[in-house]
Amino acid sequence: MAQILLVDDVRLVRATLAKFLASVGHEVAQTDSVAAALNHVESHPVHLVITDLWMPEADGRTLIRTLAQRRPRLPVIAITGGSPGITETDSLEVALAAGAVSVLMKPVTRQDLLGAVDQALCSVRESAAR
């Protein structure tokens, strides 16, 4: 199974999503900020990053763009509950433009989360096989 980094500033969201992912055998590390996420990626093996899009300080867009430069083959899934003044459609467009492989809207269902993870990991394996 995969080493997944989960980034969200809300502890309950991280814990819930981590539980879903661990239940199918993934190893999940959790951070609450972009800075901590970047440090983790530099010092640990990571196959996939799942990040909240709108967080205080640096947001998920910054993380997605930075990872696209530093680790272009590392897939990133964005999750979002929206932000004041930003529609779901705008959030989707922002995340995809930054380089996310997919975007999930909160509340994220177990089925949607696991489906997006499987799809992202399969696309990485297919790219590596070419």
Salt-bridged, K106 to D8, with N to O below 4.0 Å? yes
What distance do I4 atom CD1 and L21 atom CG have between them, rounded to the nearest 0.5 Å? 4.5 Å
Considering only heavy atoms from C-beta outward, does the side chain of M105 approach that of T80 to under 4.5 Å? yes
Is there a side chain to side chain contact (heavy atoms under 4.5 Å, CB included) between L114 and V24 once you walk through the steps? CA-CA 9 Å; L114 297 178; V24 296; 3.8 Å; yes
dist D59:CG -> S33:OG (nearest 0.5 Å) comes out at 12.5 Å
For the backbone of A58 and the side chain of T62, can you confirm whether one donor and one acceptor N or O come within less than 3.5 Å of each other? no
Salt bridge (charged side-chain N to carboxylate O under 4.0 Å, His left out) against D9, all qualifying residues, sequence neighbours excluded: none
K19: salt bridge (charged side-chain N to carboxylate O under 4.0 Å, His left out) partners, not counting sequence neighbours: none
Hey, does T31 have a side-chain heavy atom less than 4.5 Å from the side chain of L5? yes
Pairwise salt bridge (charged side-chain N to carboxylate O under 4.0 Å, His left out) hits with a residue in residues 23-40, at least two apart: none
Listed by chain and number, what are the salt bridge (charged side-chain N to carboxylate O under 4.0 Å, His left out) partners of R14, not counting sequence neighbours? none
Within the structure provided, determine whether T51 and I77 are in side-chain contact (heavy-atom separation under 4.5 Å). no
Output the distance between atom CG (L67) and atom CZ (R73), rounded to the nearest 0.5 Å. 15.5 Å
Can you find a heavy atom in the side chain of I79 that is under 4.5 Å from one in the side chain of W54? no
Does the side chain to side chain contact (heavy atoms under 4.5 Å, CB included) test come out yes or no for V49 and V7, once each step is laid out? CA-CA 8 Å; V49 173; V7 186; 4.3 Å; yes
CG-OG1 distance between L104 and T109, expressed to the nearest 0.5 angstrom: 8.0 Å
Partner of H26 by side-chain contact (heavy atoms from CB on, under 4.5 Å), out of L6, L48, L121: L121
State, to 0.1 Å, how close A18 and V28 come at their nearest heavy-atom pair, and which atoms those are. CB-CG1, 3.8 Å
With no hydrogens and no angle check, is any side-chain donor or acceptor of H47 less than 3.5 Å from a backbone partner on Q3? yes
Sequence neighbours excluded, the answer for salt bridge (charged side-chain N to carboxylate O under 4.0 Å, His left out) partners of E42 is R70
Between the main-chain N or O of V46 and the side-chain N or O of R71, is there a donor-acceptor pair closer than 3.5 Å? yes
Any heavy-atom pair between the side chains of Q30 and I50 that's under 4.5 Å? no
Search all heavy atoms of A95 against all heavy atoms of V103 and return the closest pair with its distance. CB-CG2, 3.4 Å
For I64 and A100 the tightest heavy-atom approach is CG2-N, 3.6 Å
With sequence neighbours left out, the residues meeting side-chain hydrogen bond (donor to acceptor under 3.5 Å, both in side chains) with R110 are S23
